[in-house]
Amino acid sequence: MMAADLDLPRTITTRSFDDRASWMTSMAGAVGVVWLLFQLSGWSGKLGFTVVWFITYVVLYAIITKVGNPWPAVVDRLAAAAVAGGAAVVGLALATTVIYTVQKGWPAFSHVGNFLSESAAGVRPTAPLYEGGILHAITGTAIEVGIALLLSLPLGLGTAVYMTEVGGRAARTVRTVVEAMTALPDVLAGLFTYATLILVLHLDRTGFVAAVALAVTMTPIVARSAEVALRVVPGGLREASLALGASQVATVFRVVLPTARAGLATSLILGIARISGETAPLLIVSGASTYQNLDPFSEPMNSLPLYIFAAVRSGQPNFIARGFGAATVLLLLVTILFALARYLARPKKGSR
Amino acid sequence: MTAVLEPLREDVPRELERVFTPADKAFRRSATGIGLTVLVLTAAIGLFLGYQAIPTLHRYGLSFFTQSQWLPQQDIIGLAAVLVGTVEVALVALVVGFPLALMTALYISEYAPAAIKGWLVAAVDLMAAVPSIIYGLWGFFFLQPQAIHVSRWLAQNLGWIPIFHVDTDANSASWAQTKFTASAFIAGLAVSMMVIPLACAVMRSVFAQAPLGEREAALALGSTRWGMIRTVVLPFGQGGIIGGTMLALGRALGETVAVLLIISPAFDIKPNILEVGTETTSALIAGLFGEASKAQLSALLTAGFVLFCLTLVVNTVAAVFVNRSRSGASTEI
């Protein structure tokens with residue numbers, strides 16, 4: 001070989017023709033084998049077909065690979081096939097969740113005119129979909145989440161600042177506890193709020209009580225993710241600020257917090273997304289109205305999760321359809337919040 | 001400079017004093033105050049539930065944990081069947097969720113093309129953000145009609161194992177579909193959708209930290225990709241795998257709404273996970289709270305306290321494992 005040949009640019013691919021051919025052949029071959037098997041044995045069912053197909057594909061793939069490759073290569077390909085298969089199952093499950101909800105919610109959601117702008121006051125569960133809507137649930141969720149945010153923002157952010165900027169042995173205890181709290185069952189936040197506000201303080205099941213339950217769920221979530229955001233602020237920045245003579249207050253408020261702004265916003269938005277769909281605490285502490293109620297301190301309020309729960313358990317086809325419509329609204333809300341959080345947290349161009 | 005510095009007379013180690021300005025002191029105090037408030041609030045959850053639990057535990061004693069029936073009208077109340085159901089649903093969720101989460105995490109960190117990696121990470125995060133009631137709807141309306149066929153297949157072929165046994169003739173042409181619905185198995189499948197993203201995110205972040213040098217060393221020595229994963233990534237990520245799974249277990253033990261939507265309540269201790277009817281602690285609380293009498297409320301608060309203790313233990317063990325595998329140090333420049 002001449003030296004000039006070696007200097008030519010070439011493509012560096014990890015897949016040779018042999019790789020690709022044996023992969024495709026086994027995929028296609030497995031379809032044929034399984035189809036024949038199902039014809040002969042009288043088995044049926046899409047799910048069964050897919051499972052048997054995947055197993056056949058893996059076996060075929062192994063046999064074909066073994067012809068021209070050593071054993072480690074066979075194991076490598078089988079592992080790759082299994083890992084990709086597992087990821088595909090999870091992807092499929094997520095996709096069906098979203099598609100199914102939107103598809104079932106569309107009949108109600110397509111009546112946007114009344115569905116999003118009217119409440120359910122005076123509307124029978126069996127009423128046709130062009131009557132009534134979920135405005136009372138949307139405003140209820142908005143008010144409750146708003147109050148919960150007002151309560152948990154200072155607590156969560158303050159705790160995060162305490163854990164990263166003040167520190168000490170007590171801070172480690174707080175971190176451990178907060179971490180354990182984030183995974184605590186949400187139903188317990190409802191029980192706690194019930195035991196304190198309703199049993200001890202004798203408050204009614206109003207929107208405010210529901211908001212407190214949501215705040216109890218949200219605070220540790222915000223504290224923990226805000227702490228992560230503050231922790232990635234380079235220590236060098238803090239030292240530089242202190243070395244220039246700034247006090248710690250100035251360092252925190254003018255260097256650390258602004259640097260972590262995007263991360264903090266993300267943690268807040270994810271906290272909001274989490275509590276807007278929270279159902280279990282509301283089942284315990286919240287009443288459910290069918291009419292529009294904008295006052296969080298008197299009369300019960302409805303909210304999207306409670307509305308969905310009541311609707312799908314009613315057994316009335318039209319009411320179930322409304323429930324799915326409300327679930328579509330909730331899913332849309334969470335997705336928008338999520339996209340916003342991703343947008344704020346995106347890596348900036350030109351920064352390291 | 002004209003003055004010549006004299007050498008320090010007392011060139012000996014001395015104590016350093018940290019001096020804060022008044023503003024700094026105020027800042028540190030208020031931050032500490034907020035942090036401790038949250039700590040107290042958390043402790044209060046346990047204390048309040050524990051305080052409410054005292055009368056019930058006093059009244060029923062140990063039989064609260066051994067009695068399986070829940071008949072408040074006849075003054076018979078016990079958590080035995082409920083706790084068994086809780087563990088069954090959580091175990092089904094883990095047995096299904098663990099391999100899927102591990103494979104998804106491995107796929108994202110090791111196999112996925114760089115171009116779509118970011119999207120996959122976002123998809124898993126979005127999956128974690130989807131409210132559990134939506135997974136409940138999916139599990140009840142979409143998954144259940146499909147999953148009962150899987151249940152039936154398991155009962156037909158593995159029915160001799162007690163956990164897969166269903167008390168009906170699974171082989172008959174007109175098989176009793178209602179015997180297979182609303183079971184711990186189907187509830188566990190729905191819960192697995194909630195624990196997969198949680199476990200997957202922890203595992204992926206630990207896999208991503210596997211040292212690059214060792215990965216390259218394995219590949220340079222001629223290892224296949226799987227060989228590299230098996231010898232470098234998986235051993236390095238062991239703590240994350242265990243911790244992520246424990247976190248998932250904690251979540252699965254406490255999942256409420258999805259389970260409440262799917263199961264039909266039944267208070268008997270049974271290993272047959274495919275058969276209709278089961279009950280979990282959180283679903284019990286959420287389901288009965290609305291129409292509970294005073295005595296029953298106290299019993300439900302006690303059930304909440306038991307759940308609190310259970311998940312706190314599981315989550316603390318998980319946090320220990322995850323923290324061991326992830327350094328808590330801040331970033332330096």
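Sequence lines set the chain letters: A, B, ... in the order given, protein chains first and strands last, and positions in each chain run from 1.
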Does the side chain of [X] reach to within under 4.5 Å of the side chain of [Y], using non-hydrogen atoms?
X	Y	value
T256(B)	P185(A)	no
V75(A)	R230(B)	no
L191(A)	F308(B)	no
V90(A)	M127(B)	yes

Can M103(B) and V89(A) be said to form a side chain to side chain contact (heavy atoms under 4.5 Å, CB included), step by step?
CA-CA 10 Å; M103(B) 286 187 219; V89(A) 169; over 6 Å; no
For [X], is it the side chain, the backbone, both or neither that has a heavy atom under 4.5 Å from a heavy atom of chain A?
X	value
I45(B)	both
S282(B)	both
F141(B)	both
V150(B)	side chain
L297(B)	side chain
A105(B)	neither
L126(B)	both

Report the distance from atom [atom1] of [X] to atom [atom2] of [Y], rounding to the nearest 0.5 Å.
X	Y	atom1	atom2	result
D125(B)	R342(A)	CG	CZ	6.0 Å
I134(B)	T97(A)	CD1	OG1	9.0 Å
Y194(A)	I285(B)	OH	CD1	13.0 Å
T251(A)	F27(B)	OG1	CZ	9.0 Å
I133(B)	L304(A)	CD1	CG	9.5 Å
L157(A)	I34(B)	CG	CD1	8.5 Å

If I compare all heavy atoms of A129(B) with all of F338(A), which pair ends up nearest, and what's the gap?
CB-CD1, 4.3 Å
Y111(B) to A80(A) - nearest heavy-atom pair and separation
CE2-CB, 3.5 Å
Going through the checks in order, is the side-chain hydrogen bond (donor to acceptor under 3.5 Å, both in side chains) test met by W138(B) and T96(A)?
CA-CA 8 Å; W138(B) 176 81; T96(A) 54; 3.1 Å; yes
What verdict does the side chain to side chain contact (heavy atoms under 4.5 Å, CB included) test give for V187(A) and L307(B), after you've listed the backbone C-alpha separation in whole Å, the side-chain angles of each residue and the deciding distance to 0.1 Å?
CA-CA 10 Å; V187(A) 72; L307(B) 184 64; 4.0 Å; yes
Please determine whether side chain to side chain contact (heavy atoms under 4.5 Å, CB included) holds for the pair T104(B) and V83(A), giving the CA-CA distance in whole Å, both sets of side-chain angles, and the decisive distance to 0.1 Å.
CA-CA 7 Å; T104(B) 311; V83(A) 166; over 6 Å; no
On the 0 to 90° scale, with breaks at 30° and 60°, tag the F142(B)-Y100(A) ring pair as parallel, tilted or perpendicular.
tilted
Given the options [options], which has more heavy-atom pairs under 4.5 Å with chain B than any of the others?
options	value
A93(A), P72(A), G277(A), A327(A)	A93(A)
T335(A), T196(A), V161(A), L283(A)	T196(A)
T279(A), V177(A), V334(A)	T279(A)

Between the main-chain N or O of S247(A) and the side-chain N or O of D24(B), is there a donor-acceptor pair closer than 3.5 Å?
no
